Asker: 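The structure that follows is given in the form of structure tokens.
Note that the numbering runs from 1 along the sequence shown for the chain. Just so it is clear, the structure is predicted and the values come from calculations on it, not from any experiment.
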Amino acid sequence: IDGPTLRRIISDTCRDGVWPERYNKAIIPYSLLGHDTLYGSNPGNGMWNRSNPGLTDIDPAPYFDMVIVDEAHHIRHDNTQAYAAVKYLCDHAEAVIFLTATPLQTSDQDLYTLLNLLRPDMILDKETFAMMAKPNPYINQAVHAIRTQTENWADTAVAFLKKVEHTQWGRNVIVPNPIYQTIMAKLSQKELSREERVQIISDIECLHSFSGIINRTRRQDIQDFCLRRSHTIETAFTKDQRELHDELLQFEAEALSVLHDSKSILFMMGM
């Protein structure tokens with residue numbers, strides 16, 4: 001939906017008390033999630049124009065079965081209008097799903113912001129997040145040792161998992177988990193089959209503090225499910241296309257020569 005449509009939806013919902021059935025399934029771009037969408041628009045005379053209300057003006061608030069936030073890393077900062085608008089939608093939804101290509105490559109602060117919005121009942125505050133996150137680096141290192149089969153990988157994995165026991169979350173939550181005890185027992189065995197090693201990796205990943213709310217899909221897991229197969233198709237320029245192409249390149253070459261007085265024009269053109 002576009003901006004005028006979203007404004008009309010909000011206005012109709014304020015008037016009728018129910019979200020229009022026609023837009024029960026709607027895709028809202030981030031570009032529309034601004035101040036006016038959330039709080040309404042001001043006509044400039046100091047009075048709020050009730051003909052342009054915002055989401056917060058809807059009473060009772062709308063209810064959504066599911067909110068799917070794609071490219072969720074766009075709301076990793078909690079001081080933006082997009083974050084505020086998404087938070088409003090999440091607060092009035094039965095279920096919420098965040099999708100992003102790189103959820104764990106952001107900083108701890110960014111990850112906290114996302115998880116606190118996704119599961120405020122679990123990630124209560126920064127202190128809770130920090131306590132839960134403390135054992136996760138050791139868990140990741142144990143998985144890495146097993147996955148790469150470094151020398152004495154089983155002993156290395158055990159050593160990292162032992163460090164989990166020295167964290168508050170690890171001591172109180174992870175260590176009492178029967179899965180943890182099973183993992184430690186299996187790693188003490190002299191010989192492990194490939195299938196057993198893969199299962200141990202999966203079990204250790206389940207110990208990750210956020211495994212219940214984060215699902216990571218790796219490239220090796222999907223194999224060729226969404227493999228991109230590119231094919232080059234050659235086609236000849238029309239006369240006008242060729243003329244435009246050649247003149248653009250000539251203009252660019254002359255502009256670079258004037259700007260940089262350099263002998264590396266061909267290199268810059270290639271770049």
Asker: The test is salt bridge (Lys or Arg N to Asp or Glu O under 4.0 Å); show your working for Glu71 and Arg76 and say whether it passes.
Answerer: CA-CA 10 Å; Glu71 303 292 350; Arg76 65 185 183 274; over 6 Å; no

Asker: Please confirm whether Phe160 and Tyr138 have ring centers closer than 6.0 angstrom.
Answerer: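 No, they do not, as the ring centres are separated by 6.0 Å or more.
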
Asker: How long is the straight-line distance from CD of Glu196 back to CG of Leu187, given to the nearest 0.5 Å?
Answerer: 10.5 Å

Asker: Verify, without hydrogens or angle tests, whether Asp59 (side chain) and Cys14 (backbone) share a donor-acceptor contact under 3.5 angstrom.
Answerer: no

Asker: Please table the atom pairs, donor to acceptor, closer than 3.5 Å between any side-chain atom in residues 118-127 and protein atoms at least two apart or in another chain.
Answerer:
unit_1 : atom_1 : unit_2 : atom_2 : d
Arg119 : NE     : Asp121 : OD1    : 2.8
Arg119 : NE     : Asp121 : OD2    : 3.4
Arg119 : NH2    : Asp121 : OD2    : 2.9
Asp125 : OD1    : Glu127 : N      : 3.3
Asp125 : OD1    : Thr128 : N      : 2.8
Asp125 : OD1    : Thr128 : OG1    : 2.8
Lys126 : NZ     : Gln109 : OE1    : 3.4

Asker: Strictly distance-based, threshold 3.5 Å: is any side-chain N or O of Thr37 a donor or acceptor partner for the main-chain N or O of Leu33?
Answerer: no

Asker: Out of curiosity, Phe210 CZ to Leu115 CG, how far, rounded to the nearest 0.5 Å?
Answerer: 5.5 Å

Asker: Return the set of residues passing side chain to side chain contact (heavy atoms under 4.5 Å, CB included) with Asp2 (not counting sequence neighbours), or none when no residue passes.
Answerer: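 With neighbours one apart ignored, the set is Pro4, Thr5.
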
Asker: Under 4.5 Å between side-chain heavy atoms, hopping through other hydrophobics if needed: is there a path connecting Ile204 to Ile213?
Answerer: yes

Asker: Would you say Thr13 and Val18 make side-chain contact, with heavy atoms under 4.5 Å?
Answerer: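 Sidechains of Val18 and Thr13: no contact.
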
Asker: Just verifying a value: how many Å separate Ile1 CD1 and Ile28 CD1, rounded to the nearest 0.5 Å?
Answerer: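 Spacing of CD1 (Ile1) from CD1 (Ile28) equals 4.5 Å.
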
Asker: When you look at His74 and Tyr30, which way does the ring pair (Phe, Tyr, Trp, His ring centres under 6.0 Å) test go after all the steps?
Answerer: CA-CA 8 Å; His74 287 309; Tyr30 278 106; 5.2 Å; yes

Asker: Looking at every heavy atom in both Ser211 and Cys206, which two are closest together, and how far apart are they?
Answerer: OG-O, 2.9 Å

Asker: Any chance CD1 of Ile27 has more than 12 other-residue heavy atoms, nucleotides or ligands included, within less than 6.0 Å?
Answerer: no

Asker: Taking the side chain as every heavy atom from C-beta outward, state whether Met268 and Glu252 have any pair of such atoms under 4.5 Å apart.
Answerer: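 No, too far: nothing below the 4.5 Å cut-off.
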
Asker: Applying a strict under-4.5 Å side-chain criterion to I, L, V, M, F, W and Y, I'd like to know whether Met269 and Leu244 cluster together.
Answerer: no

Asker: Quick check: is Ile146 connected to Ile179 through a chain of hydrophobic side chains (ILVMFWY, heavy atoms under 4.5 Å apart)?
Answerer: yes

Asker: Would you mind reporting whether Phe98 and Ile68 have side-chain heavy atoms less than 4.5 Å apart?
Answerer: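 Result no, sub-4.5 Å side-chain heavy-atom pair not found.
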
Asker: Keeping to residues at least two apart or across chains, list the salt bridge (Lys or Arg N to Asp or Glu O under 4.0 Å) pairs with something in residues 233-242.
Answerer: Arg242-Asp246

Asker: Are there more than 12 heavy atoms of other residues, nucleotides or ligands under 6.0 Å from atom CD of Glu151?
Answerer: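 No, the 6.0 Å shell around CD holds no more than 12 heavy atoms from other groups.
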
Asker: Establish whether Val143 and Met184 are linked, either directly or via other cluster members, by ILVMFWY side-chain heavy-atom contacts under 4.5 Å.
Answerer: yes

Asker: Do Thr113 and Asp78 meet the criterion of a side-chain donor-acceptor pair at a distance under 3.5 Å?
Answerer: no

Asker: Taking all non-hydrogen atoms of both residues, which atom of Ala145 and which atom of Ala157 are closest, and how far apart?
Answerer: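 It is CB-N, 4.4 Å.
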
Asker: Taking C-beta and beyond as the side chain, do Ile75 and Leu114 meet within less than 4.5 Å on heavy atoms?
Answerer: yes

Asker: Taking the side chain as every heavy atom from C-beta outward, state whether Asn116 and Phe129 have any atom pair closer than 4.5 Å.
Answerer: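 Asn116 vs Phe129: side chains apart.
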
Asker: Applying the 4.5 Å side-chain criterion to the ILVMFWY set and letting contacts propagate, would Val67 and Val86 be lumped into a single cluster?
Answerer: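 Same hydrophobic cluster.
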
Asker: Would you tabulate the side-chain donor-acceptor contacts of residues 161-168 under 3.5 Å, counting partners in other chains and residues two or more places apart, or write 'none'?
Answerer:
unit_1 : atom_1 : unit_2 : atom_2 : d
Glu165 : OE2    : Tyr180 : OH     : 2.6
Thr167 : OG1    : Val164 : O      : 2.8
Thr167 : OG1    : Gly170 : N      : 3.0

Asker: To the closest 0.5 Å, what do you measure between CG (Leu55) and CD1 (Ile10)?
Answerer: 4.0 Å

Asker: Which distance, rounded to the nearest 0.5 Å, do you find between the CZ of Arg22 and the CG of Asp12?
Answerer: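 Result: 10.5 Å between the selected atoms.
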
Asker: Go through the steps for Gln199 and Glu195 under the test side-chain hydrogen bond (donor to acceptor under 3.5 Å, both in side chains), then give the verdict.
Answerer: CA-CA 6 Å; Gln199 184 59 53; Glu195 289 73 19; over 6 Å; no

Asker: May I ask you to list the residues sharing a hydrophobic cluster with Val258, side-chain cutoff 4.5 Å, ordered by chain and number?
Answerer: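 Besides Val258, the hydrophobic cluster comprises nothing; the residue is isolated.
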
Asker: List the atom of Trp169, the atom of Met131, and the distance in Å for their closest heavy-atom pair.
Answerer: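 Looking at all heavy atoms of both residues, the shortest contact is CB-O, 3.4 Å.
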
Asker: Can you list every pair that meets ring pair (Phe, Tyr, Trp, His ring centres under 6.0 Å) and has a residue in residues 242-270, with sequence neighbours left out?
Answerer: Phe237-His245

Asker: Do other residues, nucleotides or ligands put more than 12 heavy atoms under 6.0 Å from the CG atom of Leu266?
Answerer: no

Asker: Centre-to-centre under 6.0 Å for Trp19 and Tyr63, is that the case here?
Answerer: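 Not close enough - the centres of the two rings lie 6.0 Å or further apart.
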
Asker: So Thr148 and Trp153, do their side chains get closer than 4.5 Å, heavy atoms only?
Answerer: no

Asker: To the nearest 0.5 angstrom, please state how far the OG atom of Ser11 sits from the CG atom of Leu6.
Answerer: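 One finds 11.0 Å between OG of Ser11 and CG of Leu6.
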
Asker: May I ask you to test the Ile139-Ile174 pair for a side-chain heavy-atom distance under 4.5 Å?
Answerer: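 The answer is yes, as the side chains (C-beta and beyond) meet within the 4.5 Å cut-off.
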
Asker: Using modelled atom types only, decide if a donor and an acceptor are shared between the side chain of Gln241 and the backbone of Thr238 within a distance under 3.5 Å.
Answerer: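 Judged by distance alone, yes, a pair lies under 3.5 Å.
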
Asker: Given side chains that start at C-beta, do those of Val69 and Ile97 come closer than 4.5 Å, heavy atoms only?
Answerer: no

Asker: So which heavy atom on Asn136 is nearest to which on Ser209, and how close?
Answerer: OD1-N, 2.9 Å

